[in-house]
Amino acid sequence: MKNPVVRFAPSPTGYLHIGGARTALFNWLFARQNNGKFLLRIEDTDIERSKDEYVDQIKNALDWLGLDWNDEIVYQSQNNLKHQSVIEQLIKSGNAYKCFLTKTELDSLRDKAEKNKKIFRVPRTYRDFTEEQQKELISQGKSFTVRLKVPDGVTIFDDLVYGQIKVNNKDLDDFIIARSDGSPTYNFVVAVDDIEMKISHVIRGDDHIANTPKQILVYNSLNKNVPIFAHLPMILGSDKKRLSKRHAATNVQEYKDKGFTSDSILNYLSLLGWNPDSNEEIFSTEDLIKLFDFKQVQKKSAVFDEKKLLWISGQKMKEMTSKEIIKEIQLINNEWGKEHKNKFLEEVVSLIKERSKNLNDITEISRVFLHKEIDFFNEHKPMMAEQNNIQMLEDFINAVKIEDKWDKKMIEKVFDQIMNQHEVGLGKVMKPLRIAISGLSYGPGIFDMMVLLGKDLTIHRITSAINFYK
RNA sequence: GGCCCGUUCGUCUAGUGGUUAGGACUCAUGGUUUUCAUCCAUGCAACAGGGGUUCGAUCCCCCUACGGGCUGCCA
């Protein structure tokens, strides 16, 4: 299994979704683990639905995830000449034939079979027509498709995940490899391209299991070695339905916007349908490359659970250094923290990363430190109106003003003073002050926040708060 | 309808012919913490159903149910 060549082959009819990302990830992990190549092929033969902007989106998403591909991107549409010539070749070798059945004919046959509860099979009417007969039909202006001559027998393959899968060839029709307009069909093109790209392992979603025998027949008819197949179970939404636009968030980009790092997403995705054979769950991408193994890939489809993603993301936040986190934040928002020194940003981040689940949590709380003015909220008004909370704020300012120093020790001392003065516990003093300096009812330790904020800004905030809540 | 695939706590999963069926997330409770979060502890919670095979089946076989895929001149 050395130097395998694998590919990820999305069709640019939509953005990169979670399921596609997982498929890409497993391909990539396998390639990187075995010193192989991970190729990217854009299956853009559906001209109606394919869009360039989707190609860009897919590339950007893979790029952001860090799933870097080798070599040039292959665009399926550019292989058209090759596809055409292989079709010719198959007709010549007698492995494929021109079929003059029309769509309407087939449709009515299908209907009839269904009505009579019979199994529909594509009739092999034109399978053994001579060249003469074909020419005659063509001269009559009849159009034709090209069908593969499916031989008798069984088609068997050993899937790396599902084990042996066996299909009786008679359950497969002589399927179309070229439409009446001459364009090649999916099951044919995939096989030809995979041959062309020297793909050794086809790793893809299990919705392709049923297509695999057809593709194998194409390999056989061309006398080419069949690659090794590995099918991956589907990823489902919380309603256990196949992931689709109807589900909350399926676009990789959305998770980026929500503040998840690519590392977290990859980590979570790896756990969907694979297990590391240990109780560990937090992995770096390097870990995953080492550990990944098809032996531990699940056959059962998996439900995407954002809660667990959030937990993994939170674990990662704690593990990451402040520097790394700053880098990640600025990767998605280069405005963030621009007007502050890195050292200050690091102090801010180190204060809040412990309690954050993702990057957005951090940027949200960091606002308290990065901007002079903050928002206060009406929802805190009833609480601030209680007892002599406003009085406490005023007393705090006055007590602090006459002090020279500004450090944790001194702030604690002032807190003690206020507690004594008002004959209340620490909690009673802390709450209004927290809201006054941050606008929030939660956050890092209040002494730390004040120290980092500095004396002037702390006083400024409390003054603003008094004005707002009075 | 035919063919193929699947089914262990709500979710992700481990597991073996004899286990108190294990872990993680979620949830609940308690503790730590100046708030929130973290962290720690405890708890709730699963072998789809029915037949076999067997001294014994979650595990092996068959059937049923349920879910999914394919069955296109879509990819």
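So that the names make sense, note that chain A is the first sequence line, chain B the second, and so on, each numbered from 1.
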Q: With heavy atoms under 4.0 Å as the rule, sort A:Leu101 into base, sugar-phosphate or nothing.
A: base
Q: Taking B:G15 as the reference, what is the distance to B:A57 when you measure between their C1' atoms (whole Å, please)?
A: 14 Å
Q: Are side-chain heavy atoms of A:Val190 and A:Arg41 found at a separation under 4.5 Å?
A: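 A:Val190 reaches A:Arg41 side chain to side chain.
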Q: Does the pair A:Asp174/A:Arg127 count as a salt bridge with the N-to-O cut at 4.0 Å?
A: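 Result for this pair is yes, salt bridge flagged.
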Q: Counting only Watson-Crick or G-U wobble pairs whose two distances fall under 3.5 Å, which nucleotide matches B:U20?
A: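 The answer is none; no pair meets the criterion.
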Q: If the P atom of B:A46 is compared with that of B:U34, how far apart are they to the nearest Å?
A: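 After rounding to an integer number of Å, I get 39 Å for this pair.
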Q: If you draw a 6.0 Å radius around CG in A:Asp181, do more than 12 non-hydrogen atoms from other residues or ligands fall strictly inside?
A: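 Atom CG in A:Asp181 is packed in, count exceeds 12.
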Q: Can you tell me the pairing partner of B:A41 across any strand shown, Watson-Crick or G-U wobble, with both distances under 3.5 angstrom?
A: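 Check on B:A41: paired to B:U29, both distances under 3.5 Å.
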Q: Strictly by Watson-Crick or wobble contacts shorter than 3.5 Å, is anything paired with B:A57, and which nucleotide is it?
A: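 None - no nucleotide pairs with B:A57, as no candidate has both distances under 3.5 Å.
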Q: Using a heavy-atom cut-off of under 4.0 Å over every strand shown, decide if A:Thr45 touches base, sugar-phosphate, or nothing.
A: sugar-phosphate
Q: When you look at A:Phe30 and A:Leu25, which way does the side-chain contact (heavy atoms from CB on, under 4.5 Å) test go after all the steps?
A: CA-CA 8 Å; A:Phe30 182 70; A:Leu25 171 65; over 6 Å; no
Q: For the residue pair A:Lys142 and A:Phe100, would you count it as a cation-pi contact if the rule is NZ or CZ under 6.0 angstrom from the ring centre and within 45 degrees of the ring axis?
A: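 Not satisfied by the 6.0 Å and 45° rule.
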Q: What is the base-pairing partner of B:C3, counting Watson-Crick and G-U wobble geometry with both distances under 3.5 Å?
A: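 When the pairing criteria are applied, B:G69 turns out to be the nucleotide that pairs with B:C3.
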Q: So which protein N/O to nucleotides 10-15 of chain B N/O distances come out below 3.5 Å?
A:
| unit_1 | atom_1 | unit_2 | atom_2 | d |
| --- | --- | --- | --- | --- |
| B:U11 | OP1 | A:Lys240 | NZ | 2.7 |
| B:C12 | OP1 | A:Val303 | N | 2.9 |
| B:C12 | O2' | A:Leu271 | O | 3.0 |
| B:U13 | OP1 | A:Gly273 | N | 2.5 |
| B:U13 | O3' | A:Asn275 | ND2 | 3.3 |
| B:A14 | OP1 | A:Asn275 | ND2 | 2.3 |
| B:A14 | OP1 | A:Gln298 | OE1 | 3.4 |
| B:A14 | OP2 | A:Gln298 | OE1 | 3.2 |
| B:A14 | OP2 | A:Gln298 | NE2 | 3.2 |

Q: Taking B:C62 as the reference, what is the distance to B:G10 when you measure between their P atoms (whole Å, please)?
A: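 Looking at atom P only, B:G10 and B:C62 are 28 Å apart.
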Q: Donor-acceptor pair, distance only, cut-off 3.5 Å: does the side chain of A:Gln296 make one with the backbone of A:Asp293?
A: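 The answer is no, because no donor-acceptor pair under 3.5 Å joins these two groups.
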Q: Across all strands, who's sitting opposite B:U35 as a Watson-Crick or G-U wobble pair, both distances under 3.5 Å?
A: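 None - no nucleotide pairs with B:U35, as no candidate has both distances under 3.5 Å.
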Q: My understanding is that a pair needs two contacts under 3.5 Å, Watson-Crick or G-U wobble. By that rule, which nucleotide pairs with B:A14?
A: none
Q: What integer number of Å spans the P atoms of B:G43 and B:U7?
A: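 B:G43 and B:U7 have their P atoms separated by 30 Å.
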Q: The side chain of A:Asp171 is closest to which nucleotide in this list: B:C4, B:C73, B:G2?
A: B:G2
Q: What contact category does A:Ser180 fall into here, base, sugar-phosphate, or nothing, at under 4.0 angstrom with non-hydrogen atoms?
A: base
Q: What string of B, S and - do you get for nucleotides 27-47 of chain B, 5' to 3', if B is base contact, S is sugar-phosphate-only contact and - is no contact with any protein heavy atom under 4.0 Å?
A: -------BBBBSS--------
Q: CG of A:Leu232 versus P of B:G6: gap in Å, rounded?
A: 14 Å
Q: So, the side chain of A:Asn251 versus the backbone of A:His17: is there a donor-acceptor pair under 3.5 Å, distance only?
A: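 No, because the side chain of A:Asn251 does not come within donor-acceptor range (under 3.5 Å) of the backbone of A:His17.
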Q: Separation of A:Asn169 atom CG from B:C4 atom P, in whole Å?
A: 13 Å
Q: So, OP1 or OP2 of B:G72: does either fall under 4.0 Å of a side-chain N or O from A:Arg110?
A: yes
Q: Which of these nucleotides, B:A75, B:C73, B:U71, is closest to any side-chain atom of A:Lys214?
A: B:U71
Q: May I ask you to verify whether the side chain of A:Thr185 and the base of B:C73 hold a donor-acceptor pair under 3.5 Å?
A: no
Q: What integer distance in Å separates A:Gln215:CD from B:C4:C1'?
A: 14 Å
Q: Using a 4.0 Å heavy-atom cut-off, does A:Asn211 contact any base of the nucleic acid, only the sugar-phosphate backbone, or nothing at all?
A: base
Q: Taking the C1' atom of each, how far is B:A21 from B:G68, in whole Å?
A: 27 Å
Q: Could you check how far CZ of A:Arg147 sits from C1' of B:G72, rounded to whole Å?
A: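 Whole-Å distance recorded here is 10 Å.
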Q: Taking CD1 from A:Ile119 and P from B:U71, how many angstroms apart are they, rounded to a whole number?
A: 17 Å
Q: Can you tell me, in whole Å, how much space there is between the P of B:G30 and that of B:U13?
A: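 About 33 Å, rounded to a whole number of Å.
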Q: Using the closest heavy atom to pick a nucleotide of RNA chain B for each, name whichever of A:Lys117 or A:Gln164 lands nearer the 5' end.
A: A:Lys117
Q: Between A:Ser50 and A:Ile47, is there a donor-acceptor pair closer than 3.5 Å when you use the side chain of the first and the backbone of the second?
A: no
Q: From CD1 of A:Ile176 over to P of B:C73, roughly how many Å is that when rounded to an integer?
A: 4 Å
Q: Taking the C1' atom in each of B:U54 and B:C59, what is the distance between them to the nearest angstrom?
A: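 Rounded to whole Å, the distance is 13 Å.
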Q: List in chain and number order the residues that pass side chain to side chain donor-acceptor pair (under 3.5 Å) with A:Glu354, two or more places apart in sequence or in another chain; answer none if no residue qualifies.
A: none
Q: Would you indicate, yes or no, if B:G69 has its OP1 or OP2 atom less than 4.0 angstrom from a side-chain nitrogen or oxygen of A:Arg242?
A: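 For B:G69, OP1 or OP2 has a side-chain N or O of A:Arg242 closer than 4.0 Å.
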Q: Does A:Lys118 or A:Leu236 map to a spot on RNA chain B nearer the 5' end, using the closest nucleotide for each?
A: A:Lys118
Q: Check whether the side chains of A:Glu105 and A:Thr102 place a donor and an acceptor atom closer than 3.5 Å, and report yes or no.
A: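 Yes - a donor-acceptor pair under 3.5 Å links their side chains.
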Q: Which word best sums up how the rings of A:Phe229 and A:His231 line up, parallel for under 30°, tilted for 30 to 60°, or perpendicular for over 60°?
A: parallel
Q: Is any side-chain nitrogen or oxygen of A:Arg179 closer than 4.0 Å to OP1 or OP2 of B:A75?
A: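 Answer yes for this pair, as a side-chain N or O of A:Arg179 is under 4.0 Å from OP1 or OP2.
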Q: Taking ring-ring contact (aromatic ring centres under 6.0 Å, His included) as the criterion, tell me which of A:Phe304, A:Trp274, A:Tyr255 meets it with A:Tyr268.
A: A:Phe304
Q: Taking the same atom, C1', in B:U20 and in B:C4, what whole-Å distance lies between them?
A: 39 Å
Q: Please check if the number of heavy atoms outside A:Glu53 that lie under 6.0 Å from its CD is greater than 12.
A: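 Above 12, so yes.
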Q: Of the listed nucleotides (B:C73, B:G2, B:A75), which one gets closest to any side-chain atom of A:Tyr186?
A: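 For A:Tyr186, the side-chain atoms sit closest to B:A75.
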Q: Round to the nearest Å and state the distance from A:Arg204 atom CZ to B:A75 atom P.
A: 14 Å
Q: Could you state the CD1-P distance from A:Ile209 to B:C4, rounded to the nearest angstrom?
A: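 It works out to 12 Å between those atoms.
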